[in-house]
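Position 1 is the first residue of the sequence; numbering continues from there.
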Amino acid sequence: MEQHYKLVRVRELADNDEEFIATLAAAFLEEVPEDAERLKKAVAEKDYYNAYQAAHKMKPTIDLFELGVLATLIEVQDWGKFEKKDMDIKPHLNIVIAAVERAVDEIRSDFNL
């Protein structure tokens, strides 16, 4: 439990209300994988605007669950925001996607979702 994500800030936000913590975990599973897919697609298509939008939307949740890739996600976001055409963002994207996938698997298991 909590190898690829942390609940410290989630517990603070939820005031240790286990039902609310489970609701936040379910919301993570509903939102973040969908946003990650949108981000992957946008990067593959060099759709800077949608890459920026997807990364920006993911930031608060990635930060709240402390996946440890916030700075890398911001790099991807900035790639889109500033249309850094001369930069290969795929290695950064791969780090974020791998962290999301590990956290999704672990949260599903930990919360039986």
Side-chain angles (χ1 to χ4, degrees):
M1 186 165 196
E2 293 185 54
Q3 243 186 317
H4 301 291
Y5 70 97
K6 303 286 181 256
L7 289 177
V8 174
R9 295 178 62 209
V10 174
R11 289 188 189 288
E12 279 178 20
L13 178 67
D15 199 26
N16 286 317
D17 177 339
E18 291 300 322
E19 189 174 315
F20 187 52
I21 292 167
T23 300
L24 290 172
F28 179 99
L29 294 178
E30 187 175 314
E31 296 288 325
V32 175
E34 185 178 300
D35 292 335
E37 283 303 313
R38 180 176 164 212
L39 182 59
K40 282 189 341 191
K41 183 176 188 273
V43 168
E45 295 173 358
K46 292 189 176 16
D47 180 346
Y48 298 100
Y49 177 77
N50 277 310
Y52 166 73
Q53 291 291 316
H56 185 72
K57 184 177 178 219
M58 291 170 68
K59 273 189 340 191
T61 310
I62 297 297
D63 188 32
L64 180 64
F65 280 82
E66 298 182 56
L67 270 60
V69 294
L70 183 60
T72 308
L73 180 60
I74 290 169
E75 286 285 329
V76 177
Q77 173 192 272
D78 287 350
W79 173 85
K81 182 177 183 178
F82 300 112
E83 296 189 15
K84 296 182 177 181
K85 295 179 171 121
D86 58 336
M87 180 182 184
D88 180 10
I89 201 64
K90 287 181 188 129
H92 290 80
L93 175 67
N94 292 339
I95 291 167
V96 171
I97 297 302
V100 166
E101 289 171 350
R102 287 189 302 265
V104 164
D105 290 345
E106 191 173 357
I107 290 170
R108 269 199 186 109
S109 174
D110 291 349
F111 288 90
N112 297 313
L113 298 170

- Message: Restricting to non-hydrogen atoms, name the atom on A42 and the atom on A51 that form the minimum distance, rounded to 0.1 Å.
- Response: CB-N, 3.4 Å
- Message: For E18, give me all partners under salt bridge (charged side-chain N to carboxylate O under 4.0 Å, His left out), at least two apart in sequence or on another chain.
- Response: R11
- To the nearest 0.5 Å, what is the distance between CG (L7) and CG (L13)? 11.5 Å
- Task: Identify the two heavy atoms, one from V76 and one from L93, that lie closest to each other, and give their separation to 0.1 Å.
- Result: CG2-N, 3.9 Å
- Minimal non-hydrogen separation, A36 against V100, with atom names: CB-CG1, 4.2 Å
Going by atom type alone, with no hydrogens or angles, which donor-acceptor pairs under 3.5 Å involve a side-chain atom of residues 62-75 and a protein atom two or more places apart or on another chain?
from : atom 1 : to : atom 2 : distance (Å)
D63  : OD1    : R9 : NH1    : 2.9
D63  : OD2    : R9 : NH1    : 3.3
D63  : OD2    : R9 : NH2    : 3.4

- Item | Set of residues satisfying side chain to side chain contact (heavy atoms under 4.5 Å, CB included) with respect to Y49, sequence neighbours excluded | D47, Q53
- Query: Taking only residues two or more places apart in sequence or in another chain, which ones pass side chain to side chain donor-acceptor pair (under 3.5 Å) with K41?
  - Reply: E45
- Query: Residues in side chain to side chain donor-acceptor pair (under 3.5 Å) with D35, at least two apart?
  - Reply: K57
- Task: Using the rule that two of Ile, Leu, Val, Met, Phe, Trp, Tyr join whenever any of their side-chain heavy atoms come within less than 4.5 Å, decide whether L113 and V104 are in one cluster.
- Result: yes
- Item | Residues in salt bridge (charged side-chain N to carboxylate O under 4.0 Å, His left out) contact with E37, at least two apart in sequence or another chain | K40
- Item | Summary of ring pair (Phe, Tyr, Trp, His ring centres under 6.0 Å) pairs that have at least one residue in residues 70-113, sequence neighbours excluded | Y48-W79
- Test log, rule side-chain contact (heavy atoms from CB on, under 4.5 Å), inputs V10 and F20: CA-CA 9 Å; V10 174; F20 187 52; over 6 Å; no
- Note on the structure: side chain to side chain contact (heavy atoms under 4.5 Å, CB included) filter on A54, not counting sequence neighbours, yields R38, L39
- Kindly write out the residues that satisfy ring-ring contact (aromatic ring centres under 6.0 Å, His included) with H56, not counting sequence neighbours, or none if the list is empty. Y52
- Please, which pairs that meet salt bridge (charged side-chain N to carboxylate O under 4.0 Å, His left out) have at least one residue in residues 84-104, sequence neighbours excluded? E83-K85
- Message: For the CD1 atom of I107 and the OH atom of Y5, what is their distance to the nearest 0.5 Å?
- Response: 5.5 Å
- Shortest non-hydrogen contact from E34 toward E30: CB-O, 4.0 Å
- Message: Holding to side chain to side chain donor-acceptor pair (under 3.5 Å), I want the full list of residues that pass it with K59, two or more places apart in sequence or in another chain.
- Response: Q77
- Message: By the salt bridge (charged side-chain N to carboxylate O under 4.0 Å, His left out) test, which pairs, at least two apart or in different chains, include something from residues 103-113?
- Response: none
